[in-house]
Amino acid sequence: MATFVDTNILLDIVTADPQWADWFVQMLETAAERGPLVGNAVTYAELSLSFSDVAETDEAIRHFGLEIEAIPPTALFNAGRAFLAYRRRGGVRTSALPDFFIGAHAESLGVPLLTRDARFRTYFPALTIIGPSA
């Protein structure tokens with residue numbers, strides 16, 4: 001089974017976060033044994049902030065063994081719905097948050113999400129979360 005990887009996991013590893021990097025390396029290895037590791041354009045864009053050019057970002061994606069998939073229309077629609085729920089709960093941002101695209105995409109694929117952000121459960125309660133808060 002595939003596992004969707006939230007960008008915070010990759011950034012913790014790239015930046016050698018003292019609290020999370022080692023644990024997430026192990027989690028990625030375990031997930032890769034079960035099946036493909038998946039991300040999307042949002043994952044790519046957020047990860048690219050840690051690199052100076054496309055080639056370095058592409059190399060990191062290859063290093064992680066991440067497959068970048070297009071976000072299907074159903075996931076885009078569900079990301080919009082999650083954003084609407086966020087606004088109705090008092091959220092102040094005026095455009096859809098990247099996490100909504102990641103959560104909705106993982107949900108649409110029916111795969112677990114590897115993340116350290118338990119807030120995904122708020123807007124995607126059916127989503128299986130793999131992480132320290134799980």
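Because the structure is predicted, anything quoted here is derived from the model rather than measured. For this chain, numbers begin at 1 and follow the sequence in order.
- In the hydrophobic clustering of ILVMFWY residues, with side-chain heavy atoms under 4.5 Å counting as a link, F77 and F100 come out apart.
- Counting non-hydrogen atoms of neighbouring residues, nucleotides and ligands closer than 6.0 angstrom, the CZ atom of R62 exceeds 12 such neighbours.
- Side-chain heavy atoms closer than 4.5 Å link hydrophobic residues (I, L, V, M, F, W, Y) into clusters, and following such links, even through other members, never connects L84 to I102.
- Side-chain contact check for V54 versus Y44: some heavy-atom pair is nearer than 4.5 Å.
- In this structure, F124 and A82 approach most closely via the heavy-atom pair CZ-CB, 3.6 Å.
- Using a 4.5 Å cut-off on side-chain heavy atoms (C-beta onward), F4 and N40 make contact.
- Looking only at side-chain heavy atoms (C-beta outward), L37 and F64 stay at 4.5 Å or farther from each other.
- Of the inter-residue distances, the one linking I61 atom CD1 with L47 atom CG reads 5.0 Å to the nearest 0.5 angstrom.
- Side-chain atoms of L28 and T3, non-hydrogen and from C-beta on, never get closer than 4.5 Å to each other.
- Contact check for D99 versus D117: side-chain heavy atoms found under the 4.5 Å cut-off.
- The minimum heavy-atom distance between S95 and F83, with the atom names listed, is O-CE1, 3.2 Å.
- At a threshold of 4.5 Å between non-hydrogen side-chain atoms, the residues V42 and H105 do not count as touching.
- In plain terms, the two heavy atoms of L11 and E46 that are nearest each other are CD2-O, 4.3 Å.
- Atom CG in D12 sits 10.5 Å away from atom CH2 in W23 (nearest 0.5 Å).
- Here the closest heavy-atom approach between residue A75 and residue S108 is recorded as CB-OG, 3.6 Å.
- Between the side chain of Y86 and the backbone N or O of R81 there is no donor-acceptor pair closer than 3.5 Å.
- The heavy-atom pair separating P125 from T122 by the smallest distance is CD-O, 4.5 Å.
- For the atom pair CZ (R116) and CE (M27), the distance works out to 14.0 Å, reported to the nearest 0.5 Å.
- Rounding to the nearest 0.5 angstrom, the gap separating the CG atom in L109 from the CG atom in L127 is 10.5 Å.
- Within the 4.5 Å cutoff, no side-chain heavy atoms of D22 are placed close to those of Q26.
- The number of heavy atoms from other shown groups lying within 6.0 Å of CZ (R89) is above 12.
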Check step by step if side chain to side chain contact (heavy atoms under 4.5 Å, CB included) holds for E107 and N78. CA-CA 9 Å; E107 181 182 63; N78 290 339; 4.0 Å; yes
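- Side-chain contact between F120 and D6 is present, with heavy atoms from C-beta onward closer than 4.5 Å.
- T7 pairs with exactly one of T115, V14, T43 by the side-chain contact (heavy atoms from CB on, under 4.5 Å) rule, that one being T43.
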Would I130 and T30 satisfy side chain to side chain contact (heavy atoms under 4.5 Å, CB included), going step by step from the backbone distance to the final call? CA-CA 11 Å; I130 301 171; T30 300; over 6 Å; no
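- Looking only at distances, no side-chain donor or acceptor of R93 sits under 3.5 Å from a matching main-chain atom of R87.
- Summarising the geometry, atom CD1 belonging to I13 is positioned 8.0 Å from atom CZ belonging to F24; distances are rounded to the nearest 0.5 Å.
- Other residues, nucleotides and ligands contribute over 12 non-hydrogen atoms within 6.0 Å of the CG atom of D58.
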What do the steps show when you test V38 against V111 for side chain to side chain contact (heavy atoms under 4.5 Å, CB included), and what is the final call? CA-CA 9 Å; V38 180; V111 301; 5.8 Å; no
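- Taking CE of M1 as the reference point, atom OG1 of T128 lies at 7.5 Å (rounded to 0.5 Å).
- Summarising the geometry of S48 relative to A45, their closest heavy-atom pair is OG-O, 2.6 Å, with the distance given to 0.1 Å.
- For R119, the CZ atom sits in a loose shell: 12 or fewer heavy atoms of surrounding residues, nucleotides or ligands are nearer than 6.0 Å.
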